[in-house]
Amino acid sequence: HRSPLNDFQRLRATELAVPTEPLAVPTELPPLEWGSAEQCAQRCTASLTCRAFHHDRQSQLCQLLPWTQRSPHVRLQKNIHYDLYQKKDFLRDCIVGDGTSYRGTRATTEKGLRCQHWRATTPHDHSRFLPSRRNGLEENYCRNPDQDKRGPWCYTLDPGTRHQSCGIKKCEDAVCMTCNGECYRGTVDYTESGTECQRWDLQHPHKHPYHPDKYPDKGLDDNYCRNPDGSERPWCFTTDPGREREYCRIRPCKKRPRPLNVTTSCFRGKGEGYRGRVNVTVSGIPCQRWDAQTPHQHHFVPEKYPCKDLQENYCRNPDGSEAPWCFTTHPAIRIAFCFHIRRCPDELGAEDCYHGHGERYHGHVSKTRAGITCQPWADLTPHVPQISPVTHPKAHLEKNYCRNPDGDSHGPWCYTMDPRTPFDYCAIKPCSGSSVPSILENTDAVAFEQCGRRDERLQRKGR
Amino acid sequence: IVGGQPGNSPWTVSIRNRAGVHFCGGSLVKEWWVISTRQCFASCDADLAGYEVQLGTLFKDPGPGDPDRQSIPIARIVCGPSESQLVMLKLARPATLNTRVALICLPPERYVVPAGTICEIAGWGETRGTADGSVLNVARLPVLSHGECNAALRGRLKESELCTAPLRAGVGACEGDYGGPLACLTADCWVLEGVITPSRVCARTDQPALFIRVSLYVDWIHKVVKM
């Protein structure tokens with residue numbers, strides 16, 4: 001049940017640029033072949049020279065490549081048509097097991113001695129390990145052709161030291177994890193029992209909800225161990241059909257990180273840094289203590305989540321949910337969000353003020369309340385303006401200053417330099433005492449069309 | 001919704017997180033646009049990949065075969081003016097309008113709902129055992145005049161807030177309803193006059209319930225849609 005893609009690391013919308021220098025390796029590009037990413041991976045694995053491949057998802061074409069991003073003079077570049085798959089062994093800076101499959105470019109020993117080229121016979125003559133198409137003895141890179149349990153080694157350029165281990169770390173030690181490993185982005189791809197992980201972008205052998213596209217901030221790359229759901233440690237779905245998921249063994253970092261964004265009287269973002277003492281749900285139900293397992297059993301045991309401050313029965317967010325939450329003491333209600341905790345204001349402090357609605361504001365503030373720089377009114381990118389110095393010549397639409405050419409009742413605004421945000425209000429507040437007319441009025445004739453009608457029969461029927 | 005009963009509100013949407021869990025409500029004001037409250041979202045530039053709105057069904061967690069259900073990914077969030085506590089959610093594709101899915105009207109700018117108007121809240125939130133929590137519940141509430149409400153709240157009422165009178169029976173919105181509509185029948189149409197925001201207690205019997213006054217932000221809503 002392992003996918004041939006398990007040996008590869010994927011980079012989306014990326015291609016390897018053809019080596020720009022005259023190189024020993026052939027620079028004519030291999031022909032395009034038809035096939036799915038998995039079929040191309042199979043071919044690349046079977047080939048002695050292939051180290052990577054481009055895959056065009058649209059046309060289902062692929063191109064096997066004899067180099068990787070680590071090869072000399074080769075560079076990565078954007079290409080929305082291709083995904084680049086590279087053999088992990090050529091990219092990893094750590095070793096799996098005894099490192100027999102290591103194909104990285106480390107060329108110094110653990111004591112800092114430069115490695116001798118495998119094809120050289122000075123200063124150390126040897127005939128046991130000469131480069132061949134199969135054994136990966138390349139350049140003067142550290143390798144482990146004899147399954148030495150200390151891992152990859154090399155002959156050294158020091159006449160007094162024939163060979164020496166390179167001291168390359170095991171992957172489970174190379175990148176340590178803090179807290180519960182939510183931010184772990186290392187390259188361990190096997191579980192603590194040694195079972196290989198299933199790729200997150202595959203739904204076999206185990207179907208699962210953690211699509212990398214749905215969880216863009218969880219680092220669900222390839223088949224590496226991750227912690228997208230607030231578990232105790234990084235884990236993965238396994239390639240063993242009989243075992244859905246399993247924890248991975250990752251070295252904990254010695255230092256515990258300082259909690260970010262600690263707040264007590266309000267919560268910011270998803271409230272993962274909320275350390276206040278609200279401990280009742282909105283509907284008045286007391287929260288269950290985190291160190292209790294009744295009425296609701298759970299795995300959020302405080303000592304296993306040292307960074308999450310699961311004290312008492314306070315609302316907390318140990319798993320990246322929408323907001324702080326808690327188990328409730330009501331047997332029928334397992335969890336309740338604590339949305340009634342005030343949200344911390346997340347806007348820039350005002351840098352100026354305006355009178356009325358700011359139609360006559362001619363100040364020089366030129367950024368939005370979120371701190372995004374304003375687009376110059378005369379520019380056409382990133383947003384084609386519907387309001388410009390041409391359409392509103394008397395509105396003083398100078399440079400990229402905040403203005404209120406359309407009498408917006410919420411104050412000066414501007415088009416923004418963020419392609420996703422056409423316009424926003426500015427870091428300017430009404431001047432104190434500026435009398436904004438009480439804008440609540442009664443309007444007599446009110447009429448609506450194409451909205452607000454429903455099939456009242458459904459209402460009477462109820463459900 | 002506490003103190004309500006199952007009902008039909010074809011503009012009320014369920015907002016679901018990446019795990020498919022309902023966490024807030026919203027109102028469909030245009031085929032591409034839903035209005036909800038800022039309180040429900042981590043930030044004004046949150047990456048909402050994997051988040052969806054669910055419409056066209058009365059069930060909170062309908063079965064896969066529910067014929068009328070529409071699940072539409074949320075493409076973007078746009079935050080309202082600072083004190084509005086509103087957000088607009090742009091959908092990845094337009095909602096299909098039918099007997100189960102309809103647009104709610106927006107009020108005229110600065111429109112004031114006459115005191116005593118009977119309005120309706122809807123949501124899939126906590127019922128506190130007063131109704132079936134697996135379906136959409138609705139409840140009716142009378143609008144309280146600005147002056148009366150301001151008096152009841154000892155002058156703390158903001159212009160951007162709209163009040164409904166407390167009912168002895170304890171009727172009101174609760175956790176999971178936030179972002180949903182306070183809809184009022186005006187000129188034979190249902191109009192979105194308020195958006196449900198979190199309060200510290202559900203369905204109070206001793207204090208007016210507060211909603212975001214939508215008519216104050218209709219100009220912003222139209223501007224976002226236009227831009």
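Numbered from 1 within each chain, the chains take letters A, B, ... in sequence-line order.
- Between Ser409(A) and His357(A), the side chains place no donor N or O within less than 3.5 Å of an acceptor N or O (distance only, hydrogens not considered).
- Disulfide status for Cys315(A) with Cys287(A): absent, SG atoms not under 2.5 Å apart.
- The greatest number of non-hydrogen atom pairs below 4.5 Å with chain A, out of Cys202(B), Gly20(B), Ala49(B), Pro81(B), is found for Pro81(B).
- For residues 27-36 of chain B, a heavy-atom distance under 4.5 Å to chain A picks out no residue at all.
- Between the side chains of Trp325(A) and Asp319(A), a donor-acceptor pair is found at a separation under 3.5 Å.
- Tyr425(A) has its ring centre no less than 6.0 Å from the ring centre of Trp413(A).
- Only the backbone of Asp213(A) comes within contact range of chain B, with at least one heavy atom under 4.5 Å from a heavy atom of that chain.
- Under the rule for a ring-ring contact (aromatic ring centres under 6.0 Å, His included), the partners of His208(A) that lie at least two apart in sequence or sit in another chain are Phe237(A).
- Distance check for Cys414(A) and Cys426(A): the SG atoms are not under the 2.5 Å cut-off.
- The candidate with the highest count of non-hydrogen atom pairs below 4.5 Å against chain A, out of Cys105(B), Pro198(B), Ser84(B), is Cys105(B).
- Contacts between residues 329-339 of chain A and chain B, defined by a heavy-atom separation under 4.5 Å, are made by Ile333(A), Ala336(A), Phe337(A), Phe339(A).
- Contact tally against chain B (heavy-atom pairs below 4.5 Å) for His340(A), His383(A), Arg342(A): the top residue is His340(A).
- Among residues two or more places apart in sequence or in another chain, the side-chain hydrogen bond (donor to acceptor under 3.5 Å, both in side chains) test is passed with Trp200(A) by none.
- With Phe23(B) as the aromatic partner, Arg16(B) does not meet the cation-pi criteria of under 6.0 angstrom to the ring centre and within 45 degrees of the ring axis.
- Looking only at distances, no side-chain donor or acceptor of Asp352(A) sits under 3.5 Å from a matching main-chain atom of Val365(A).
- A centroid separation of less than 6.0 Å is found between the aromatic rings of Tyr217(B) and His410(A).
- Side-chain N/O atoms of Asp424(A) and Thr416(A) include no donor and acceptor closer than 3.5 Å.
- Among Ser199(B), Cys44(B), Ala203(B), Pro73(B), the residue with the largest count of heavy-atom pairs under 4.5 Å with chain A is Ser199(B).
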